[in-house]
Structures are given as C-alpha cells and as structure tokens.
There are 2 protein chains.
Amino acid sequence: MAATLHDVAAVAGVSIKTVSNVVNDYEHIRPSTREKVLKAISELDYRPNISARSLRSGRTGVIGLALPELSLSYFAELADSVIKEAEKRNLVVLIEQTGGGDRDKEIKLLSSPRLQLTDGLIFSPLGMDSSDVAHLNVSYPLVLLGERIFGGPVDHVTMKNVEAAKAATRHLLDRGCRRIAVIGAHEGELVGSAALRVQGYREALDAAEVPFDESLLGYVIEWHRLDGARAMREMIASGVQFDAVFGLNDTLALGAMRVLQEAGFRVPEDVSVIGFDGLDETRYSLPTLSTIDPGRDEIAATAVRVLVERIKARSEPMKGEPHEPDPFEPHQYRAEFSLQARESTAVA
Amino acid sequence: MAATLHDVAAVAGVSIKTVSNVVNDYEHIRPSTREKVLKAISELDYRPNISARSLRSGRTGVIGLALPELSLSYFAELADSVIKEAEKRNLVVLIEQTGGGDRDKEIKLLSSPRLQLTDGLIFSPLGMDSSDVAHLNVSYPLVLLGERIFGGPVDHVTMKNVEAAKAATRHLLDRGCRRIAVIGAHEGELVGSAALRVQGYREALDAAEVPFDESLLGYVIEWHRLDGARAMREMIASGVQFDAVFGLNDTLALGAMRVLQEAGFRVPEDVSVIGFDGLDETRYSLPTLSTIDPGRDEIAATAVRVLVERIKARSEPMKGEPHEPDPFEPHQYRAEFSLQARESTAVA
DNA sequence: CCTCGATCCTCCAACGTTGTAATCTCGTAC
DNA sequence: GTACGAGATTACAACGTTGGAGGATCGAGG
C-alpha cells in the first residue's frame, strides 16, 4: 500500500540507498539527483517506515513520560509542557499513568516492554522512595522528576522545594501571620514533596523565631481537593487557632479555601491562604490564590534536553578519552521558582 | 545487549520460531517445550523487540490520541480516561497536541509521519469543520471525537450536546429563571459544541415559551477561564438584566462565576449558574457548580473499543461475504449525559 | 512392521530501513 | 593523455521478528 524506498528509487531511477541518503540529508548528493528524488517522494507521497528505521538504527523518535495521573492538574500541565518541548525537537511523547503513588506499578513500569519503542523515559514517581534506588538502574536513558528519590544513578530534574516553601511561609509571616496552618502533610514521611515543603516551612518559622506547633499540621493521604477540604474541616473542628493556611499544593489550598469560606472565615481578611504549583486555575479562584510557581516549564525543558543528550551520547561514537564508560556523571538540575502574590494573601 | 529470539532459542535448545510461537501463544506446543522456553525467557529476561515485530506484522500496540491541549482540564480528564481504557487492552497511548483550534495543524497532523508507529488514531479536532471532511479519508483506522465534523467517512463518538444543553437550560427555567445569559457562544459559528449547545438552549426556551434575547449571548474566542471572565464582565457592563448564567463549559462558568461574585452578585441567590463538562473541580468551587456530565468515561471507552475493532478488522481475513470492501459502515455513537445539580443552582 | 494422520517443530524468506565498504564518475593536475 | 582524488552513488548485509510451507516425530491402526 504505502510507498517504500524501493518504489521511490524505481521512479527516480536511482538506487534505494540514494533515496535513503536524500531523506536523511546526507551531504554529498548532486543537486539534480536530490531534486529528482524529492520529486518522486512527493509524487508517491512516500513516508519513512518508522518501525523499520527503528529496527535498523535503534532510534524511534519517541520518548516516554510516566506520571501518576493526568487528571491531577499539575501533571496535566507538566505533560503539556513536555509535549511542547518534545515537539520542538521533533519527538513524540508516549504517556504512561502509574496511578496515584502506586509503588509496585511504578517499579513494574520501569521494566515494561511497553517502553520498548521509546528512546528514553522521563519518570515522575510518587510511590517509590530512596530504598528503591536500585530499580533505576535501567538499560535506557532515564531522567527522573520529583522529590521522591535523591542521589539515584540517573539525571534528576527537580525544584527548590525547601527554599520555595520557605519563601511562601516567609511571605505569610511578612504579612503579620503567626499561626500558619499547613494542609497536606504526610504522616511520618521522610522523603517527598510534603516532607521537603514542611521542612521549608519550619525553617522559615525558625528564622523568624516563631514557635512551631505540631497541631497546625493537617495530614492527608492524597493531594486532591477533597483531601484539602477534609483536613481543613478537621482542623477547624479541632478548635486550633490559626491566621493563615499554607496548602502544600494548589489543589489542597483551593479545597481548604473553600471550606474556610463555608465556615465563615474571610480570605484574606481573617485567614491568608497560599498554595504551591502555580496552576493556571489559581488565577481564577475567588479570591485569586497566591502560589509558588516552581518553574514547571523550565523543568520540562530541562528534562527533555537532558534526555535527548543522553540518547545522543549513547549512540554516538565516544569522543575523547574512551576509558570513561559514561561521559557524564548523573547530574541534578534544580529549576528556579517564583512567588505569585495574589488576593488570598493581600493585606487589607 | 538485549536478548533476542536467537539467544533464547540457543539456551532453550529449540528453533527461533518455536520461541516465537511460545511468545505468541501458539496452541500446538508440547508442555515440556513450552516450559523449557519460558525458563530460558525469564533467565535471559527476554523482551520482544516491538519495532521488529511491528515491521513484520504491521501492528505496534500503540494508539494515537490527538487533542487540542492537555492544559485544558476537559482534555486532560479525557486523556486520563482513554489511557486507562487502553491499558485494559494492553495498548499504549501516544499523545499529540494540536493547539487550541489550529485548523492547519490538525490537518497536517492527520498525515504526519509521527503517527507511523501507531495502529490507529483517536482524534478530537477543534479547528476543522465539515468542509474539511475529505481530510479524514486516511489510510489508518480513525475514530473521531467532538462536534466539529458530522457525517464524515469515519466512526464518530460524540455527546448529546443539544439534549444536554436543553436539559441544563430547562433546569434553570425550572428554578424560575427567565433571563438566562449564555457565556461562550462563538460568533457566526454553525458547527461545533458552542453552536449545538446554544441550539439546545434555544430549544428549551422555545419549549417554555420564553422569548430569546440576542443580547443575552456572551461571545468568546476561546474557552478558557479568562474568556468566561471577560465575557461576563462585558455583559454586566452592558447593563443587560439576567437572573442566570449558562456557561457553555465549566471553565467558562467558573470564570464567569468569579466575576459575578466580584461584582456583588450572590450565587445562587441573585444569579444561578450552570456549566457543562462535569469537571472534577466543579465539585470544589464556591459555591459548587451545577454541571452536565457529558459521559466522558463512556466516550473514552467507546472510542477505544471502536478503534480496536477497526484495527482488528483490517488485519483479520475478511469473514463471510468478501465483496464488501469494509465490513462496517462508519457509525456514530452518542454517550449518555447526566445533570449534576449542585449549590450554584440551588433554590433558596 | 508399515502406513497414516495429527501434532509439534524447523527452515526460509520476507518486512523497510541504514551502515559499511566498495565502486563509479568526474574535473583537475601533470 | 593519464593518473589522481574527492565527490557521488551503489551493493550488500544486517536489524529481530513472523507467516507459510514443509519436515520430523509419535501413537494408533492395519
């Protein structure tokens, strides 16, 4: 059905390899020949067969992106960024969902044959932790996102969680808040975004010499709006006094803000609220939600760039000293964050 | 590096084809042989090379999903559903973003070599219209989503736009509203979700013998929150009287609701608001937003099912009368919708 | 003991592409 | 007029898999 190199070669009156050379922009081709071939190509509407190319050359032009769930806005916006970035490099993105923190599913994915036709993987785990670091020793290029695993044997693109959470907390302190509730802590967690952001929160308190109060931590299991709402409700019911809420992500903050307003608190007059993630929708809530933009576009751009470098490095003949098995050590990249002050933390 | 059929065959002491047969569940294999082979497979950690398989057999196990943008919540949730559905059938999903209604990009995508390693495509256009129907004559299985093109030469999964919009409007009428503003109409549009939903709106008005007032239509270009906010602001500024707002999608409705509250209208006491799409976040806005769930999961499930049937049909030997070139005519499927009544349309 | 059919397995040839190495074709220099 | 070499093209062999056709094996029946 579809035209092949053979057909094009026959029409153009050259060898099949010459056509291949034209398609691949080989430099030593007589202009007249190139023209003939290009004409035949468009005439037959020839398109290279990617399976065959991939079989022969080992490259597919597809990168994998594994993330928990697209229905979580943060990951949807991240995927959007990654796809746009990949498109600039003429790569196509295959998305795998690992579910909301399903450790086994994440580990299984890393060795799934489903990744076969992928040149490399950008992986954002939510369930694995540093004890699973060995699973990251895979045979394909891998770039890690997120805060679950540090010091692994792979490149890692992450955000400045501690610093950013500290900045968010300081923002509230600057506005005179002294009893800052945290919504979204994970009970007993030592790694991961929640732990890091709580750490930044505590550092900011310490720096301002504001005492830390355990009862201001609202625990949740997942980071959905519902969880934020529930934690906020519990905290209100517990009778703890607070004058600000730091949602460890925007979704939690929006859920919490909803409950606050329902309970009669005015935002920001009675309680200031800040989130984290820089979601688009924080611009349109009532009131608009102050938040931390963790540098999502930069994260996506860096992840794709690094992955592409790794993919290139593995197929190119090793330049320079060949005794180094891998020319680059795994590297950690940290995107810049920025604080978006909006109505939810405005001073009256 | 990676083990091939050859390696496995050598270890198991059988021919390469026998290994292939085991992998593909061929029935006539002696249990002892199968066991030997399986042992060798797990010993060598063999995984089939999908490129080679695809080159030989023509199937890749990948389906494409082309949609405008993942940062639009509706499409993110749709993608989530499609991926989950595909996973049940052991298929992997490759996502292409065509941008918010970029007609040329959509047309270009349909013949992009990027789809080469895809067995078929689920396509949700936003810029093309019925005049582009010819472009849908592609050589691969294609399932169309959305409301832009009807009567095309391909299977089409859609929602009951008119009926659902009519139900939403009737819901408002039932609550005593008589001046129902519409946010999100597209100027001069004849096809597409906006037109259909406006049609449903008018039908409901007619049925209730409520006069239609052109000045109650709020026009927008895109369906982002910002557009909903802007259109609402314009309508308020214009001085038109209204007692309800029908956002043609949830995002518009949320943007509009934000502006209403800012302007001092109470929802639902002064103005009732309803949206369309059944987004997760409508459950958590303040007030919670009434909406239409257009049956997204059903749409995703149907689209994947139909696509898989088409893919199967094209490779299987034609059963029965072979004079029919295509055993099925293109079919249109319409998912059931449901109305979710929430606080934004509650009666005082 | 031979035949026959069912079951099990193997051989061979593709699928469409690209890397390597070899060949051909010039224009240029002597 | 011949030799040279760079530029331009080609032949051939893979890449790992599966379809098809044919070969081996085995038990049962004659």
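Note on naming: letters A, B, ... go to the chains in the order of the sequence lines (proteins, then strands), and numbering restarts at 1 for each one.
What separates CD1 of B/Ile29 from P of D/dT25 is a distance of 18 Å, to the nearest Å. Straight-line distance from the CD atom of B/Glu27 to the P atom of C/dC9: 13 Å, rounded to whole Å.
Atom CD of B/Glu35 sits in a sparse spot, with 12 or fewer heavy atoms from other residues, nucleotides or ligands closer than 6.0 Å.
Sequence neighbours left out, not one pair with a member in residues 97-140 of chain B passes ring pair (Phe, Tyr, Trp, His ring centres under 6.0 Å).
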Open item on the list: How would you summarise protein contacts on nucleotides 22-27 of chain C per nucleotide, using B for base, S for sugar-phosphate only and - for none, with heavy-atom distances below 4.0 Å?
Closed with: ------

TODO: Do nucleotides 10-18 of chain D as a string where each nucleotide becomes B, S or -: B if the base has a protein heavy atom under 4.0 Å, S if just the sugar-phosphate does, - if no protein is that close.
DONE: BB-BBBBBB

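Between the A/Ser81 side chain and the A/Glu77 main chain, a donor and an acceptor come within less than 3.5 Å of each other. No donor-acceptor pair closer than 3.5 Å links the side chain of B/Asp119 to the backbone N or O of B/Ile63.
Salt bridge A/Arg148/A/Glu106: absent, no basic N to carboxylate O contact under 4.0 Å. Under the 4.0 Å criterion applied to side-chain N and carboxylate O atoms, B/Glu309 and B/Lys312 are not assigned as salt-bridge partners.
Using a 4.5 Å heavy-atom threshold, the side chains of A/Glu69 and B/Lys84 count as touching.
In this structure, the separation between OG on B/Ser139 and CZ on A/Arg47 is 7.0 Å, given to the nearest 0.5 Å.
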